[in-house]
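As a basis for the values below, the full set of heavy atoms in this structure was taken, side chains included, without hydrogen atoms, waters or symmetry mates.
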Amino acid sequence: MNDNRILRLIDSSYKVCEVTGRDMGGDYTFEIPVADLALGYVEWTSDFRPDHGVNIVEIAEKYIKLEVIYVSRQSRDSYTLYVGDKKSANYMFGEWSYGYMISVENR
């Protein structure tokens, strides 16, 4: 059976520069076909790496179990995602605001 699912991470960070007053950070989207995933940490196909890590725990025909590791590397959220599920979190770490949205979508 062909697996046409995609794992999508929208990785967000934001801070106002104290010197210029300009916004820093932004939203960055990362995608990888579920068929290309293996258990363990996701190696995104982009040269740019997200602030949040994603650890794949289980890949099943109907769902994916994973953990999203926070910027501090001391916190993580665990999810079981089915197609169409979207999970997100927002938090502060130091002077920065961080967030993510992770989802599994059909191509």
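With Arg76 contributing its side chain and Arg73 its backbone, the two residues share no donor-acceptor pair below 3.5 Å. One N or O on the side chain of Ser46 and one on the backbone of Phe48 form a donor-acceptor pair closer than 3.5 Å.
Each salt bridge (Lys or Arg N to Asp or Glu O under 4.0 Å) pair with one or both residues in residues 4-20, not counting sequence neighbours, appears once here: Asp3-Arg5, Arg8-Glu31, Lys15-Glu18, Lys15-Glu95. The list of side-chain hydrogen bond (donor to acceptor under 3.5 Å, both in side chains) pairs with a residue in residues 81-93, not counting sequence neighbours, reads His52-Tyr91.
Considering only residues two or more places apart in sequence or on other chains, Tyr98 meets the side chain to side chain donor-acceptor pair (under 3.5 Å) condition with none of them. Taking Ser13 as the reference, nothing meets the side chain to side chain donor-acceptor pair (under 3.5 Å) condition, with sequence neighbours excluded. With sequence neighbours excluded, the residues forming a side chain to side chain contact (heavy atoms under 4.5 Å, CB included) with Gln74 are Ser72, listed by chain and number. Partners of Ser78 by side chain to side chain contact (heavy atoms under 4.5 Å, CB included), not counting sequence neighbours, listed by chain and number: Glu67. For Asp47, there are no side chain to side chain contact (heavy atoms under 4.5 Å, CB included) partners, not counting sequence neighbours.
Through direct or indirect side-chain contacts shorter than 4.5 Å among Ile, Leu, Val, Met, Phe, Trp and Tyr, Ile6 is connected to no other residue.
Annotation: the span from Ile32 atom CD1 to Trp44 atom CH2 amounts to 6.5 Å, rounded to 0.5 Å.
Hydrophobic clustering (ILVMFWY, side-chain heavy atoms < 4.5 Å, transitive): Ile56 and Tyr70 are in one cluster. When the side chains of ILVMFWY residues are joined at heavy-atom separations under 4.5 Å, either directly or via intervening members, Val71 and Tyr79 end up in a single hydrophobic cluster. Leu7 is not connected to Met101 by any chain of hydrophobic side-chain contacts under 4.5 Å among Ile, Leu, Val, Met, Phe, Trp and Tyr, and they are in different clusters. In terms of hydrophobic clustering, with Ile, Leu, Val, Met, Phe, Trp and Tyr side chains grouped at heavy-atom distances under 4.5 Å, Leu66 and Ile69 are assigned to different clusters.
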Identify every side-chain donor-acceptor pair in residues 22-30 under 3.5 Å, counting partners at least two apart or on other chains, and give the distances.
| from | atom 1 | to | atom 2 | distance (Å) |
| --- | --- | --- | --- | --- |
| Asp23 | OD1 | Tyr14 | OH | 2.8 |
| Asp27 | OD1 | Ser12 | OG | 2.6 |

Atom pairs and distances, side-chain donor-acceptor, residues 33-43, under 3.5 Å, sequence neighbours left out:
none

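Each of Asp77, Ile10, Leu81, Ile64 was checked for a side chain to side chain contact (heavy atoms under 4.5 Å, CB included) with Ile102, and the lone residue meeting it is Leu81.
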